[in-house]
Amino acid sequence: MNLIEIAAHNIRRKKGRTFFLISGLAIGIGAAVALTSIGDAMNREVMHSLDEFGANILVLPASEDLPLSYGGLTVSAVNTGGRMLTTDDERRIRSIQNNQNISTIAPKLLVVAKIKGKKVLVAGVDFGAEFRLKKWWRLSAGMKPDRSGDILLGRDAAAQFKVSPGDVILFGKDKLRVSGVLDSTGSQDDGLLFADIRWVQQRFNKGNAVSLIELSALCSGCPIGDMVSQLSSALPGARVVAVKETMELKMQAMHYFHKFSLGISVLLLIVAGMIIFFAMTAAVRERVQEVGLFRAIGFRTGHIILVLLTEAFFISLLAGGVGYAVGIISPRFIAPYLMSAYNLTFPFNPLLAAAALIASVIVGLAAGIYPAVRASRLDPVEALRML
Amino acid sequence: MSFIELSNASKVYQASEDKYAALNNISLTIGSGEFVAVMGPSGSGKSTLLSIIGGLSRASSGVVSVDGIDLTGLGPNRLADFRREYVGFVFQSFYLTRKDRALTALGKVGMDGKSQRLPSQLSGGEQERVAIARALVNQPPLILADEPTGNLDTRTGNHVLDVLAGLHAGGHTIVMVTHNEENARRAGRLVEIRDGEIVK
């Protein structure tokens with residue numbers, strides 16, 4: 001019988017103790033895995049939501065003539081010189097290396113027009129892309145535009161022109177039908193008039209020019225900086241800006257979730273380690289006679305340590321496996337009750353599985369070292385006196 | 001040449017200021033293949049003598065050697081190696097061994113038919129014979145038995161002594177601690193110890 005067989009035999013012999021140790025560590029590992037899984041799943045969900053929440057990259061003309069403000073950003077070269085962006089730039093944007101991370105491309109053409117004697121900023125947009133980009137847009141009345149002559153008004157603009165859905169606004173010779181009015185957004189959109197971008201290009205003789213392009217990038221798995229560089233290369237003469245607030249919010253959300261789950265996980269592992277430590281210390285006290293006999297028949301101190309640490313290794317490895325299984329399965333049942341607002345998914349994560357096993361073994365061995373060394377230092381004469 | 005040699009060996013236990021000499025300048029030689037009984041009252045130092053011959057503890061002074069190996073100069077791990085190679089201790093039943101060697105050893109003590117039994121299913125005499133079998137597993141030349149018949153009735157005790165006599169006949173050197181004079185007479189030589197000193 002070699003040392004590993006002795007350890008395995010002891011594990012089998014003391015089924016109750018083994019079950020207790022495995023359960024204690026497995027609960028700790030399981031809770032840590034569950035927390036990490038939920039944290040990761042929430043992270044993914046939040047990131048996805050944030051990705052869908054609006055533009056995080058703006059493409060603007062490089063020229064700074066005649067600035068106009070849009071959404072707090074200066075939009076240049078709307079009416080004068082410089083290189084205008086065009087609808088063809090959308091194709092170039094699609095050609096960048098990280099194009100799979102681009103969720104929505106929303107080009108805009110901003111023009112100043114006079115309606116009913118009042119100046120108004122008209123935004124030519126692709127309504128489909130715009131509604132995908134601005135998920136917070138709600139109609140207070142009417143419906144989404146569905147044809148070229150339809151316009152959408154911000155709440156303040158509708159109030160200013162005293163129009164409601166179904167009304168017609170004369171725009172020179174053109175008649176534009178108000179299809180809907182946006183609910184208040186608290187942004188510049190409230191004072192804008194939105195029309196189909198192709199109609200605006202045609203009506204204002206802009207060819208295929210656009211003033212700016214807003215991009216929503218799914219950046220959970222991509223560096224936004226790389227995308228900005230790739231877009232700058234693909235669009236020479238354009239200025240590509242990452243919207244910092246959105247990214248910082250994303251990073252902050254990620255940071256909080258990771259910090260929270262990591263902190264609780266470490267705490268749980270410490271508690272699990274203490275359970276192993278006390279259980280193994282108690283076990284050594286119970287096994288004084290056995291250790292004494294081992295010593296009497298010629299076991300070196302290293303052999304005693306090896307036997308006890310091998311036991312700790314097997315137990316913690318098993319606990320790691322059980323803990324991972326519990327930790328990855330339990331959130332599937334718990335999450336719908338606790339976090340119904342989120343659509344969380346818990347795919348198998350081999351890295352997390354490996355981390356659970358390694359963490360479990362490290363905790364088990366660390367907790368087992370002191371009792372094992374203490375056992376190895378037992379005086380065999382004293383131990384055998386108890387026989 | 002003597003197999004076991006103790007020369008002015010002492011064992012002193014110290015608890016804070018108090019010193020207690022369990023063995024006091026003992027000199028003793030035991031030849032290879034001898035069967036020696038050690039007798040003496042409780043606390044006389046019999047078990048201490050056995051533990052320093054077996055390398056379980058080291059003498060505080062003097063020389064203790066077995067088969068030419070000076071045990072007083074060995075560290076804990078070398079002493080463990082010595083115990084593994086040279087000594088079989090007879091204490092009580094225990095199961096730790098390789099199965100093939102265990103069966104051979106059980107055969108030597110007439111217990112091969114009961115190899116599947118649990119300790120609780122064996123009588124006191126049978127458990128003691130298993131303990132002897134365990135001591136034989138590594139085929140050590142030296143058997144140290146501490147009160148091997150202490151908890152047994154006379155008939156069962158005699159069976160155990162028969163086993164030890166058989167091992168002696170097979171060439172093993174045996175040192176047996178006992179309180180019982182009749183048992184001591186089964187050994188070829190009697191050493192009497194009192195207050196840590198050999199008196200006979």
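First the proteins, then the strands, lettered A, B, ... as listed; each starts at 1.
Annotation: A/F346, atom CZ; neighbour count of heavy atoms from other residues, nucleotides and ligands within 6.0 Å is above 12. Residue A/F333 qualifies as open at atom CZ: its count of foreign heavy atoms under 6.0 Å is 12 or below. Counting non-hydrogen atoms of neighbouring residues, nucleotides and ligands closer than 6.0 angstrom, the CZ atom of A/R377 reaches no more than 12 such neighbours. In the displayed structure, B/Y20 atom OH is contacted under 6.0 Å by more than 12 heavy atoms of other residues, nucleotides or ligands.
Within the model, atoms CG of B/L79 and CZ of A/R295 stand 9.0 Å from one another, a figure rounded to the nearest 0.5 Å. The CZ atom of A/R300 sits 7.5 Å away from atom CZ of B/R78, with the distance rounded to the nearest 0.5 Å. Atoms CZ and CZ, from B/R83 and A/F299 in turn, are 11.5 Å apart once rounded to the nearest 0.5 Å.
Considering only residues two or more places apart in sequence or on other chains, A/R332 meets the salt bridge (charged side-chain N to carboxylate O under 4.0 Å, His left out) condition with none of them.
Side-chain N or O atoms of B/N77 include one that pairs as donor or acceptor with a backbone N or O of A/T301 at under 3.5 Å.
Residue contact with chain A, scored on non-hydrogen atoms closer than 4.5 Å, involves the backbone and the side chain of B/S57 alike.
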